[in-house]
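Here the structure is laid out as structure tokens; the discussion comes afterwards.
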Amino acid sequence: MYQDFQKYLQSTLNDIREAGLYKNERVIITPQSSGIQVEGGKDVINFCANNYLGLADNKELIQAAKDRMDARGYGMASVRFICGTQDTHKQLEKAISDFFGTEDTILYAACFDANGGLFEPLLTAEDAIISDALNHASIIDGVRLCKAVRYRYANDDMADLEKQLQAAQAQRFRIIATDGVFSMDGNVCPLDKIYELAQKYNALVMVDESHSAGVVGVTGHGVTEQYNLRGKIEILTGTLGKAFGGSVGGFTTGKKEIIDLLRQRSRPYLFSNSIPPMIAAAGIKTLEILTRDNTLQDRLHANTEYFVSRMKAAGFDIKPTQSAICAVMLYDARLSQEFAAALQEEGIYVTGFYYPVVPQGQARIRVQLSAAHTTEQLDKGVAAFIKVGKKLGVLK
Ligand SMILES: *Cc1c(COP(=O)(O)O)cnc(C)c1O
């Protein structure tokens, strides 16, 4: 039996390779940071991690994790409702609620699970989900698992959203679902306008704060801070895998009854293991670091502005960004790959994205800034971009 299947797999893999879409994993042999070493020993400056606040190798987090592992053990060997809930989990849920100004929080193994297990327990075929066309794969999958009627609106297009909301008046309950920051362009969802439309058309709102929590807003409290809507949005989801320490874990936070029902019915919560106490403890420490002062958030914002303004001054075509994502537009797929490879030769670690990850003819290099970048690293990054840009004819 396997022979036939093997042939099929081999031919599929070949198709992927021939289309130039085969993903090779580049191996890093140091902790995740703004400066890393890759296999073979080359030192590179890292511009493609979601390590926005530079916490992935933070000493305080490592210590908090170690201490809690000593005190509470390695793993839970259970789901939350059987025997997988420790005080640490409850403390982290409380800390996340306090951070976002929400009523309650439920933890998941990942934000992928938080989104995957969000809609199905809450909504039925009588209800509607109105989803931004550029939403993350995990929201799309979560919507697919739910029987609610689906509506889609073009990215950030409020006229289209209004049209969909009008159509969705046919259903009982409506929820608008959107990413906080769209990861390919770095734009922030227009939550003020979304909220207004939600009021007008009697809809709930769900925002995925994965790329915005810790990043967006003066103190990094996310999109609800940016738009002065703290406590007003019914559902927020997020990850501990990006700005919040870069490890694993996800959460849904919002209205008390919503979280309560998710604890009763959300399948990735009910049928998947609790996160280890050490991870929860490091999560608590992360939120403590972010609320004790604004050092990391300020540095991230300053670094982003510094990098983006220099890249623009150099003549690069940069997508308007309101986050720590800087999309350097090259348009041509092959060029984006050549450019990224040439940058790696220069010791600059980035990724080129092209169709189908971004629309056809919209290839780019996505730079992600971090509070951990030094000015020297940013200068080296810009200098390498200019050197390669001239060599490949992108800059005159
Ligand atoms: C990264 C990301 C996720 C997935 O988060 P994990 O915790 O890594 O599963 C979900 N949604 C968005 C918008 C993301 O960017």
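For ligands, and for the atoms within them, numbers begin at 1 and follow the listed sequence.
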Checklist entry - Salt bridge or not for E126 and R172, using N-O below 4.0 Å? => result yes

Protein N/O near ligand 1 N/O, under 3.5 Å, which pairs?
residue, atom, partner, partner atom, Å
ligand 1, 7 (O), C111, N, 2.8
ligand 1, 7 (O), T239, OG1, 2.6
ligand 1, 9 (O), C111, N, 3.3
ligand 1, 9 (O), F112, N, 2.9
ligand 1, 11 (N), H136, ND1, 3.3
ligand 1, 11 (N), D208, OD2, 2.6
ligand 1, 11 (N), S210, OG, 3.4
ligand 1, 15 (O), H211, NE2, 3.1
ligand 1, 15 (O), K242, NZ, 2.6

Checklist entry - Within a reach of under 6.0 Å around NZ of K380, are more than 12 heavy atoms found that belong to other residues, nucleotides or ligands? => result no

Item to check | Pairs satisfying ring-ring contact (aromatic ring centres under 6.0 Å, His included), at least one member in residues 64-97, at least two apart | outcome: none

Checklist outcome for this item: For Y355, the hydrophobic cluster (side chain heavy atoms closer than 4.5 Å, chained through members) also holds none

Checklist entry - If you count the non-hydrogen atoms of other residues, nucleotides and ligands that lie under 6.0 Å from CD in E376, is the total more than 12? => result no

Next on the checklist: Suppose clustering is done on Ile, Leu, Val, Met, Phe, Trp and Tyr with side-chain heavy atoms closer than 4.5 Å. Which residues sit in the same group as Y22?
Outcome noted: L13, I16, L21, Y354

